[in-house]
Amino acid sequence: MQIADRIQQIAASQSLAMAAKAREMKAAGIDVISMSLGEPDFETPAHIRHAAQEAVENGFSHYGAVAGLASLRAAVARKQNSLIGNRIAWEAEDVMVSVGAKMAIYNAIQTAINPGDEVIIPMPSWVSYSEMVKLAGGKVVAVQTNMEEDYCMTAQQLRAALTDKTRMLILCSPNNPTGSVYNREKLTELMNVLRDFPEVYILSDEIYASLAYDISPLSLAAFDVLSERLILINGVSKAYAMTGYRIGWLMTKNRPFLNACIRLQGQQLTCATMVAQKAAETALNGPQNCVEQMRRVFEQRRDLICRLAADIPGWKFNKSQGAFYLFPDVSAIGDGDAVTQMLLEKAHVAVVPGSAFGSPACIRLSYAISTEQIEEAMRRIKNVFM
Ligand code: PLP
């Protein structure tokens, strides 16, 4: 039977595939350490779990408003307004809640992009942006960043990539897979270029905003120049260890655009899961020390993995400044695909090849695992390369 052409052209998610492979090996009794998946290993904080249980008991079992619970949309706006550097006055009506940030991004791309439109994506990048752009019929304009620039796109690179067909720029800071964070100076230079291109939407994926270590990440809501072109993406998955709840959102001051997104979502999924929305509301309105506690643990793990990785012959990497990934260039040893395979077979450590993110010279290691697992995984990896 037929599989539609547009689905045939998209790649399967390699990070999910590697995680599945690691699970299979574990089920077969092999002691595999998985550094492949992008999710916090912590349990969702107790007060948030209880809010979900209460929501079940309190009848949140019916359809809700397409754009999300009014009280959650208000909590999202309040949270964004409280961020240091935010210069846009957000209201509940600027928010659409969706099933994870992933669905919000998909929806924004579907709503903004016509066939043939160009979308600039700095590479390496999260696996799904390119596939989502392709699904909308758009053309990915990949801008290759490099380690010397800490994998941040420069203003010159952005200017060179912009054409009269460009309709969107996708930025992700802190970044998956590189762990890089754009500082204010770098962002200001990019924003200055964008002044000359008013038809370009800027989709700013800030899902890792609460997980930064040496530098405070700046929301693009700090830049007035973007006004109605800005689409902010965030969610509760990474900050509150709530990946399975599947709650994320998009925010924009562009009301016609937001209404179009809501129209699409109405035909697509009716609304995000109501019980999970209540839990997300509690996450945003409740005590925030759980976020800081998890961030500190990730910072210690980041320090540990960087120290251990420095001892591995042939690896070159920048110190990760955010999210929970290390992205070494392993080209001195082999290409990223071959090294990934070698690590799985010889060290029983699952990582993701850099080719999945547009950087075949690299591999991605997630340090969202325990200190003991990091130490053991890095010991095994070192043994393979010594
Ligand atoms: N954006 C980036 C950069 C991610 O790494 C991820 C998840 O891995 C997402 C978005 C999706 O997050 P969510 O779990 O909210 O769908």
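All ligand and atom numbering here is 1-based and tracks the order in the structure. Index from 1, following the sequence.
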In this structure, does ligand 1 have an atom that sits under 4.0 Å from one of the heavy atoms of Tyr245? no
Between the side chain of Asp150 and the main-chain N/O of Cys152, is any donor-acceptor distance below 3.5 Å? no
Here the atoms of ligand 1 under 4.0 Å from any heavy atom belonging to Gly100 are 15 (O), 16 (O)
Contact with ligand 1 for Met103, non-hydrogen, under 4.0 angstrom: no
Atom 9 (C) of ligand 1 has as its nearest protein heavy atom Trp126 CZ2, 3.5 Å
Applying a heavy-atom cut-off of 4.0 Å, say which part of Arg246 lies close to ligand 1: side chain, backbone, both or neither. side chain
Report yes if the distance between the aromatic ring centroids of Phe257 and Tyr201 is under 6.0 Å, otherwise no. yes
Tell me whether Lys238 has any N or O atom under 3.5 angstrom from an N or O of ligand 1. yes
Say whether Ser237, considering both its backbone and side-chain N or O atoms, lies within less than 3.5 Å of an N or O atom on ligand 1. yes
The single option from Thr163, Ile170, Leu169 passing side-chain contact (heavy atoms from CB on, under 4.5 Å) against Ile120: Leu169
For ligand 1, which atoms have a heavy atom of Tyr129 less than 4.0 angstrom away? 3 (C)
Asp205 heavy atom under 4.0 Å from ligand 1: yes
Sub-4.0 Å heavy-atom contact, Gly235 with ligand 1: no
Working note: Ile369 + Ile33, criterion side chain to side chain contact (heavy atoms under 4.5 Å, CB included); need CA distance, chi angles, decisive distance, verdict. CA-CA 9 Å; Ile369 54 174; Ile33 301 177; 3.9 Å; yes
Relative to the heavy atoms of Cys172, which atoms of ligand 1 are at a distance of less than 4.0 Å? 3 (C)
Determine, considering heavy atoms only, which of Ala101, Pro177, Ser125, Ser173 sits nearest to atom 15 (O) of ligand 1. Ala101
If you count the atoms of ligand 1 from 1 in the order shown, which ones are under 4.0 Å from a heavy atom of Asn176? 3 (C), 4 (C), 5 (O)
Criterion ring-ring contact (aromatic ring centres under 6.0 Å, His included) on Tyr325 and Tyr208, from CA distance to verdict: CA-CA 11 Å; Tyr325 308 107; Tyr208 292 102; 5.8 Å; yes
Would you confirm whether Lys238, through its side chain, and Gly38, through its main-chain N or O, come within 3.5 Å as a donor-acceptor pair? yes
Sub-3.5 Å N/O-N/O distance, Thr243 and ligand 1: no
Is the shortest distance from a Lys or Arg side-chain nitrogen in Lys21 or Glu24 to a carboxylate oxygen in the other one below 4.0 Å? no
Do NZ/NE/NH1/NH2 and the carboxylate oxygens of Lys26 and Asp31 come within less than 4.0 Å? no
Could you walk me through whether Tyr151 and Asn175 satisfy the side chain to side chain contact (heavy atoms under 4.5 Å, CB included) test, starting with their C-alpha distance in whole Å, then the side-chain angles of each, then the deciding distance to 0.1 Å, before giving a yes or no? CA-CA 9 Å; Tyr151 292 113; Asn175 188 270; over 6 Å; no
